[in-house]
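Here's the structure we're looking at; comments come further down.
Numbered from 1 within each chain, the chains take letters A, B, ... in sequence-line order.
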Amino acid sequence: MAKQWKPAPSRPSPETWTGIVGWLRINLFSSPANTLLTILGAGLLLAIIPPMVRWGVFDAVWLGDSRAVCDSSAAAGNGGACWVFVKVRLDMFLYGFYPEPERWRIDLMFTVLGFSLIPLLAPDFFRTGRSQALVGGCGVAVVFLLFGALPAVFMIGYTFAPFLFERVSLWHTPQQIQAGKRSAAATGAIGVFAVVAAVYWSVRLAGVETAALPVSLSAGVLSLCLLFFGRLGLLVWRWIFLFCVFSVFAFFMLVGGILGLPEVETHYWGGLFLTLVVAGTGMGTALPVSILLALGRRSELPVVKTLCVSFIEFVRGVPLVSVLFMASVMFPLFLPENVTFDKLLRALIGVAFFYAAYMAEVIRGGLQAIPKGQYEAAKALGWTYWKMMGLIIMPQTLRLVIPGLANNFLSLLKDTTLVAVIGLLDLLGIAKAAMADSEWLGFTKEAYVFAGVVFWIFCFGISRYSVRLEKKYHTNYQ
Amino acid sequence: MHIRAAAGLWFRGVRRHLGNDQRQQQNTSSKMADTDKKSARDREEIIAISHLNKWFGDFHVLKDINMTVAKGEKVVVCGPSGSGKSTLIRCINRLETHQEGKIFVNGIELTNDVKRIDQVRREVGMLFQNFNLFPHMTVLENLTVSPVWIRKMPLAQARELAFQYLERVKIPDLAHKYPNQCSGGQQQRIAIARCLCMNPKVMLFDEPTSALDPEMIKEVLDVMTDLAKSGMTMICVTHEMGFARTVADRVVFMDGGEIVEENDPENFFTNPQYDRTVTFLSQVIAH
């Protein structure tokens, strides 16, 4: 008869190694040299931070609406900042030269964007259809109160249509098409064409000719997704709507020229709004393009591979400024006389493709970290290339490269300031223009600090969000 | 033709088999009858490999392999490392391409035709040494994602099926865990359940227990034995000689890319024909 074995009980860790005291001991005062460094560091912080806070907050002038306030404060020997300068020009910093009566359109666009991003960026909190409907309902109410009935009608359609699409994709015909029935697929293709044509002509007949093509195309993409990629979750539908519907809506809201909205040409655009437009479209385009480029670069097909490699290497070999110059100065030279592309559009394409090349390399790095066994397991289960990439490989890859992608998103956001070289005034450009105003000479510090703080807020937001994503996916596995 | 296949052929300029595909497909049955006339009457062949040769660069990995596996048969492939046994079973679902010879699975010949490869892969399940579960999905998702996306099964039905097989491998309580929260033995059993969810006709095992702690090997072998009893066709590369002795209908011994000998387990272990087999067995069974 063997003896019974009992595992020894665990004891708690010694007290000097835990709690605040333990933390201090281990991290700040672990040796005489480290203690000295800690004291020096604390001294440095004490020397730097209080004067900055005094300048920016306590000695600063916050109230008033003219230069006289700032001058009198300075004459009184007060060395602080004068935020009145920023306050007076806040609208300019936010909207650039966008005509004042039309600025509500920008507000509306960002309100809709904000409400559609809430469930997408925090999917854990808005997993259920009911919670998404709640956010959508709030969005509709806010839009109705601030902007009136017509925008609210759009908002209702935009937030609640995904529910409908999710249901319809489970109907008989879409199921048949997804099951690979050829006759059903043919019907589906005809259906998509019918939808595109019907939307096109009805929009034309409604007298909104310029919108006909984009609206019908987006309807076409939606119906394609509906019929050929069934079983998409509610949040996936929301992403599709963001890319297909919201982009068209935002375009016509900002540019105008339809439904009685006056057209606002892009050279009036500016300020934070322009920065966000460039950064948002840049991120939204660069990520999908970069995924395709990364896959292309690892493709076994020599033509595809060569194309992707040459594109990536070419773009990585030139600075963004030169890409923007090319887009604004050289590109029009190659076009026929009567064809013109908007300058902002060219800059957007330049920024997006520039960053797509960089992000493609980040994603390729992630792809290389996926064990060969994952591909083999998927293939052995009968997965075809695109499905395998979309559902097995890419989700793992993107999780691995979150820090790298966040890096690129951040630098994209900050590099939007480079559009200044082709004459577009983003937030920093507007700030510089404001400094040059003869009425307000001498407020460079305030302008730069304001622009810096705004950029910092957005960048810090992206950075924290990426950390959150990393943590979320890290706890799941590993 | 499948777009990717067409593009692949076009870009690579690979023209092999292109003209012959149709004819070969029709002749399959008569050819197989020729190669193995006697047994063709009483056994239905599901895998037929003839004159299979494969090279990795200049290295001749598989040398003129001829082998057939009948429906419901359990074949154990053993041999020293580097003998080509893994490569052989990876050829059966085209994870490796072969240069010469023919492989028929369930009457479908494996060629460059992507559509056929997919057909074969849907019938053939495979287990790996490192399990290769999808780490970003829960166990349940691992089991349901393939039936739903590849077999177009409704999600509810796929879930039901998944629980049925989890029950069979005795770990239904792990359904909502992530693979990396499970032990090696559990992961391999989940991998078996994942294969079964695709309802394969043949299962290939590529050293399913060699990455496991000794304490976990048994639980996996138990599931495999259970599977064998249910009549699944199995080809199993393994060093578990006890498993080979009790479960296999036939043991194939490979070395240097060749099949040295194949026999029923009783004769294989007690009466090996070649000196190479004797040395191998003395090495494996000694401890």
### Query
Got more than 12 heavy atoms from elsewhere within 6.0 Å of CZ, F165(A)?
yes
#### Entry: R121(B) side chain reached by L381(A) side chain, heavy atoms, under 4.5 Å
no
### Task
Identify which part of V120(B) has an atom lying under 4.5 Å from any heavy atom of chain A, answering side chain, backbone, both or neither.
neither
### Task
Working to the nearest 0.5 Å, report the span between NE2 of H136(B) and OG1 of T397(A).
9.0 Å
### Task
Measure L204(B) against the heavy atoms of chain A and call it side chain, backbone, both or neither at under 4.5 Å.
neither
### Summary
Interatomic distance, OG@S146(B) vs CE@M388(A), rounded to 0.5 Å, equals 12.0 Å
### Query
Mind checking whether R90(B) and E376(A) have side chains closer than 4.5 Å, heavy atoms only?
yes
### Query
Does atom CZ of F193(A) have more than 12 heavy-atom neighbours from other groups under 6.0 Å away?
no
### Message
Within a 6.0 Å radius of atom CZ on R168(B), are there more than 12 heavy atoms belonging to other residues, nucleotides or ligands?
### Response
yes
### Close side-chain approach of P135(B) and Q374(A), heavy atoms under 4.5 Å
yes
#### Entry: Side chain / backbone / both / neither for N93(B) at chain A, heavy atoms under 4.5 Å
side chain
### Task
Measure the CH2-CE distance between W383(A) and M198(B) for me, rounded to the nearest 0.5 Å.
8.5 Å
### Query
Contact part of F134(B) toward chain A, heavy-atom cut-off under 4.5 Å: side chain, backbone, both or neither?
both
### Message
Counting only heavy atoms not in F56(B) (residues, nucleotides, ligands), do more than 12 fall under 6.0 Å from its CZ?
### Response
yes
### Query
If you count the non-hydrogen atoms of other residues, nucleotides and ligands that lie under 6.0 Å from CD in Q164(B), is the total more than 12?
yes
### Message
Just so I know, are the side chains of T384(A) and W149(B) near enough to count as touching, which here means a heavy-atom distance under 4.5 Å?
### Response
no
## Note on the structure
d(N132(B) CG, K379(A) NZ) to nearest 0.5 Å is 12.0 Å
